[in-house]
Every structure is written in C-alpha cells, then in structure tokens.
Student: 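Attaching a single structure in structure tokens format; questions to follow.
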Amino acid sequence: MDNYEKVESIVHPLAEFQLAEDDGVINMKVNTGSKIRNITRFAITRMKDPKSTKITYSGTGPAVSKVITCVEIMKKEFQDTLYQNTRILYSHIDDIWSPKISGLDRLKVTRHIPAIQIILSKVPLSPDESGYQPPGPYHPTPVGKTITQDITRGPNKGHKRPKLKQQLAPAKRRLDDRISGRDSAADKL
C-alpha cells in the first residue's frame, strides 16, 4: 500500500442500534477508552432509580469485551431481576484508496467490524427474539454440570502436601551416604 493513499472512509451506520429515547431507557455507548468502573457506577446508580426500566450497552470493535464485562457486573449487582437481549452485528466501513502513481486503479476496501448491543430490562422482554435470556441465578458452571467438591475447603480436600523435610529426606540420606563413603546402591546388593 506504499503506492496508495487513503482518500475517504465511508461508515455505514447500524440502524438496529437505535432505540426509542424513553424516560426509562438509559443508553450507554462504550468506547475503548471508557473506564469500566465509571460506566458501571453510573449505570448502577441510574438503574436503582424506580423510574429506570431498561439500560442499553453498545460498543464496536475492541469495546465489545468491555460491553460484556459491564453487563456481567450489572447482572451480578441486580441478581435474578434483569431480562437480557443480545444483538451481534457487523458495522461496515468502506475505505477508498487512490493511487500515487499513474496507471494504477482506485481501491475500495470494505472492513467488517464486530458490534454488540445488550439490553437489560427490569420488565420482561419478548422471549421470541434471538438473543433473549431470562433472569436467573448466577451459575459459574455450565448447565448440566454439578460441583462435586466442597468449595469451602478447596479442591485438594483430604490431600495434604508432604512437608518439605519429608520431600528432602531421601536426597539427604543419599548425600550423607556419599560423604561417609558408603554407597547405598552397594548396600542393597
């Protein structure tokens, strides 16, 4: 691309990301430079207001992971009360490149950038929509799996780690045998 220069970029807006601006809807646009603690602190404060019924998080590109993190924090804060609907889309950006050298053609490069919109609502959403999740308890394990260990005592319940002296005792014995001139392997014959 040394022989080309970018002339213009055409961004195609995402039509599905527009929601009605109600009094009860909070729209949160998350960018890559947004701080998660600032976003969630503001959103939690606003959602605790009885007039607020829905919150929408949206982000594109690298901000998608921040959107998901913010939503998971909100769901943990408002356990068993929030309905969720997730939409995953791609925004399209057309970059037009013109040649610096004569004889070359203009180039049009289309980039597809992932975008996400997650709606959290205190009132029930339509379960027929794709991406719908009803409120429920937080499950750290996949559905159908059960936790078999006692999590209060840790994963190695009943298995104690040998003490350091016990681990080093055989090596110390071999070293003592070498120093004293006895070969432990010869004693075994």
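We use all heavy atoms of the structure for the numbers below, so side chains are in, but hydrogens, waters and symmetry mates are not. Keep in mind it's a predicted model, so treat the numbers as computed, not measured.
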Student: Mind checking the OG1-CD spacing from Thr60 to Gln117? Nearest 0.5 Å is all I need.
Tutor: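 One gets 12.5 Å once the value is rounded to the nearest 0.5 Å.
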
Student: Where do Phe78 and Leu120 land on the side chain to side chain contact (heavy atoms under 4.5 Å, CB included) test, with the steps shown first?
Tutor: CA-CA 10 Å; Phe78 296 94; Leu120 296 175; over 6 Å; no

Student: Taking C-beta and beyond as the side chain, do Ile119 and Arg87 meet within less than 4.5 Å on heavy atoms?
Tutor: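 With C-beta onward as the side chain, the pair touches.
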
Student: Report whether Ile118 and Ile88 are members of the same hydrophobic cluster (ILVMFWY, side-chain heavy atoms less than 4.5 Å apart, transitive linking).
Tutor: yes

Student: Using only atom types and a distance under 3.5 Å, with no angle test, would you say the side chain of Lys66 pairs donor to acceptor with the backbone of Val30?
Tutor: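 No.
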
Student: Indicate the ring-plane relationship of Tyr132 and Tyr83, choosing parallel, tilted or perpendicular according to the 30° and 60° boundaries.
Tutor: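 Geometry flag for Tyr83 against Tyr132: parallel rings.
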
Student: Using side-chain heavy atoms (C-beta onward) and a distance below 4.5 Å, is Val71 in contact with Gln84?
Tutor: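 Val71 reaches Gln84 side chain to side chain.
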
Student: Please report the interatomic distance CD1(Ile26) to CE(Met47), rounded to the nearest 0.5 Å.
Tutor: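 Here the interatomic distance stands at 6.0 Å.
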
Student: Any side-chain heavy-atom pair from Thr110 and His112 closer than 4.5 angstrom?
Tutor: yes

Student: Any link between Ile93 and Val109 through a network of hydrophobic side chains (Ile, Leu, Val, Met, Phe, Trp, Tyr) touching at under 4.5 Å?
Tutor: no

Student: Could you state the interatomic distance from OG (Ser65) to CD1 (Ile116), rounded to the nearest 0.5 Å?
Tutor: 10.0 Å

Student: Side-chain heavy atoms under 4.5 angstrom apart, residues restricted to Ile, Leu, Val, Met, Phe, Trp, Tyr: same cluster for Val64 and Ile113?
Tutor: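 No, separate clusters.
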
Student: Which pair of heavy atoms, one from Ser130 and one from Asn85, lies closest together, and at what distance?
Tutor: O-OD1, 3.1 Å

Student: Any heavy-atom pair between the side chains of Lys35 and Arg41 that's under 4.5 Å?
Tutor: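 No, their side chains stay 4.5 Å or more apart.
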
Student: Under a 4.5 Å side-chain heavy-atom rule over Ile, Leu, Val, Met, Phe, Trp and Tyr, are Leu107 and Val7 clustered together?
Tutor: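 Looking at the clustering, Val7 is in a separate group from Leu107.
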
Student: Count the heavy atoms of every other residue, nucleotide or ligand shown that sit under 6.0 Å from NZ of Lys108, and state whether that count exceeds 12.
Tutor: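 Counting other residues, nucleotides and ligands, NZ of Lys108 stays at 12 neighbours or fewer.
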
Student: Looking at side-chain heavy atoms only, is the closest gap between Met28 and Met74 below 4.5 Å?
Tutor: no

Student: Is there a path of hydrophobic side-chain contacts, each under 4.5 Å between heavy atoms, that joins Ile96 and Val11?
Tutor: no

Student: Can you tell me how far the OG1 atom of Thr40 sits from the CD1 atom of Ile73, to the nearest 0.5 Å?
Tutor: 5.0 Å

Student: Does Cys70 reach the side chain of Val67, with side-chain heavy atoms less than 4.5 Å apart?
Tutor: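 In short, these two side chains do not touch, never coming nearer than 4.5 Å.
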
Student: In Å, rounded to the nearest 0.5 Å, how long is the span from NZ of Lys54 to CG of Leu82?
Tutor: 12.5 Å

Student: For the backbone of Pro62 and the side chain of Thr32, can you confirm whether one donor and one acceptor N or O come within less than 3.5 Å of each other?
Tutor: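 Checking the backbone N and O of Pro62 against the side chain of Thr32, no donor-acceptor pair under 3.5 Å is found.
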
Student: Is any side-chain heavy atom of His12 less than 4.5 Å from a side-chain heavy atom of Ser91?
Tutor: no

Student: How long is the span from the CD1 atom in Ile101 to the OH atom in Tyr4, to the nearest 0.5 Å?
Tutor: 9.0 Å

